[in-house]
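Have a look at the structure below, then the notes.
Proteins get letters first, then strands, A, B, ... in listed order; numbering begins at 1 in each.
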2 protein chains.
Amino acid sequence: MIPKNLTAASTKLIILGILRQGNSYGYLIIKKIKELSGGKMKYSDGMLYPVLHNLEKEGLIQSEWVMQDDARPRKYYAITENGKKELVAEREHWVHVNSVLEAIWQLKPTK
Amino acid sequence: MIPKNLTAASTKLIILGILRQGNSYGYLIIKKIKELSGGKMKYSDGMLYPVLHNLEKEGLIQSEWVMQDDARPRKYYAITENGKKELVAEREHWVHVNSVLEAIWQLKPTK
DNA sequence: TCGTATACTTTGGTATTCTATGTATATAGA
DNA sequence: TCTATATACATAGAATACCAAAGTATACGA
């Protein structure tokens with residue numbers, strides 16, 4: 001299992017990335033992440049929903065209740081323009097840190 | 001500047017990675033990270049030293065005071081066998097999360 | 001009717017983070 | 001001589017983030 005701090009650091013990026021592809025709702029996002037990561041990243045609902053609320057408060061995503069005929073309503077989230085910008089910026093940060101790590105891993109151990 | 005949570009999530013990996021290359025001490029590690037990241041990642045000393053203490057408590061690194069002729073003593077850190085194993089494991093986690101993000105970024109936005 | 005899957009919410013204790021502050025020394029430059 | 005800057009390490013405690021746990025609600029299959 002992926003450690004918590006790494007999960008936490010990638011949450012925003014993952015949610016915004018998924019919503020960039022199309023609107024979705026909490027429960028489905030959790031399943032999507034589990035699927036994409038081959039089961040190695042698992043978000044509990046108690047972990048994900050507060051993050052969604054927070055992203056909405058920041059104006060990066062927008063929610064809308066959608067009624068279902070045969071089930072309870074779902075709260076669909078959509079990425080906003082600001083959210084898209086934020087995604088680009090955060091992605092750059094991630095890629096940068098990744099390249100620093102790659103550089104370190106290239107270093108030969110001196111012995 | 002790289003956000004804090006991302007910095008935090010990569011700290012362990014970065015420190016262990018640098019020490020794998022050869023022994024070093026706090027002050028130099030801070031400078032090394034700044035250099036490797038082109039100035040985008042900056043650790044304050046107050047941020048780094050507690051992490052070093054913590055890694056030592058976990059047995060991933062080992063410290064030794066080294067006297068200097070013309071300056072104050074330095075506390076050199078070396079990576080332990082456990083530290084090397086941990087580095088490999090953590091690296092796998094990072095690479096895995098990175099691949100999940102890459103997969104998400106590949107997705108075409110449906111519109 | 002019981003278990004499971006779906007679906008969202010919130011509280012509050014715990015853990016983590018990191019700012020601010022302190023200690024100490026050497027050297028360059030004004 | 002005084003000051004600033006670089007070197008070098010340490011820690012208290014305030015602030016923040018995290019997330020497990022518990023709660024609410026509905027549908028459906030066994």
*Can you check the A:Asn54 CG to D:dA17 C1' distance for me, whole Å?*
10 Å

*At what angle, to 10 degrees, do the two end axes of the helix from C:dT1-D:dA30 to C:dA30-D:dT1 meet, given five pairs define each axis?*
10°

Short N/O separations, protein against nucleotides 14-20 of chain C, under 3.5 angstrom:
unit_1	atom_1	unit_2	atom_2	d
C:dT19	OP1	B:Lys4	NZ	2.9

_Length of the line joining B:Gln68:CD and C:dT27:C1', which is rounded to integer Å_ = 16 Å

*Do B:Ile30 and B:Tyr27 have side chains that get closer than 4.5 Å, going by heavy atoms?*
no

*Spell out, as yes or no, whether a donor-acceptor pair under 3.5 Å connects the side chain of A:Ser63 to the backbone of A:Tyr76.*
no

_Validation row: A:Val66, A:Lys75 side chains within 4.5 angstrom (heavy atoms)_ = no

_Rounded to whole Å, please give me the gap between CG in A:Leu48 and C1' in C:dT6._
15 Å

_Spacing between B:Leu28 atom CG and D:dT7 atom C1', to the nearest angstrom_ = 11 Å

*Spacing of B:Tyr77 atom OH relative to D:dA8 atom P, expressed in whole Å*: 14 Å

*A:Leu55 CG to D:dC18 P: how many Å, rounded?*
11 Å

_A cation-pi test, strictly: NZ or CZ of B:Arg91 under 6.0 Å from the centre of the six-membered ring of A:Trp105 and no more than 45 degrees from its axis. Yes or no?_
yes

*Can you name the residues that form a side chain to side chain donor-acceptor pair (under 3.5 Å) with B:Tyr43, not counting sequence neighbours?*
B:Thr11

*Is the side chain of A:Thr80 donor-acceptor paired with the backbone N or O of A:Gly59 at a distance under 3.5 Å, no angle test?*
yes

*Has the side chain of A:Arg72 got a donor or acceptor that lies under 3.5 Å from a partner of the other kind on the base of C:dA7?*
yes

*So, B:Glu58 and B:Lys12, do they make that salt bridge, N to O below 4.0 Å?*
yes

*Nucleotide D:dC9, atom C1' - distance to OH of B:Tyr76 in whole Å*: 14 Å

*Evaluate the side-chain proximity of B:Leu60 to B:Asn54: yes if any heavy-atom separation is below 4.5 Å, no if none is.*
no

*asked:* Between A:His93 and B:Leu6 (side chain of the first, backbone of the second, donor and acceptor by atom type, cut-off under 3.5 Å), is there such a pair?
replied: no

*Starting at CD1 of B:Ile29 and ending at C1' of D:dT7, how long is that distance when rounded to a whole Å?*
15 Å

_N or O in side chain of A:Lys75 less than 4.0 angstrom from C:dT9 OP1/OP2_ = yes

*B:His53 side chain: which of C:dT9, D:dT11, D:dC9 is closest?*
D:dT11

*Does the side chain of A:Tyr49 get closer than 4.0 angstrom to OP1 or OP2 of C:dC8 through an N or O atom?*
yes

*asked:* Tell me whether the side-chain N/O atoms of B:Lys31 come closer than 4.0 Å to OP1 or OP2 in D:dT7.
replied: yes

*Using only side-chain N and O atoms of A:Tyr27, determine if any of them is under 4.0 Å from OP1 or OP2 of C:dC8.*
no

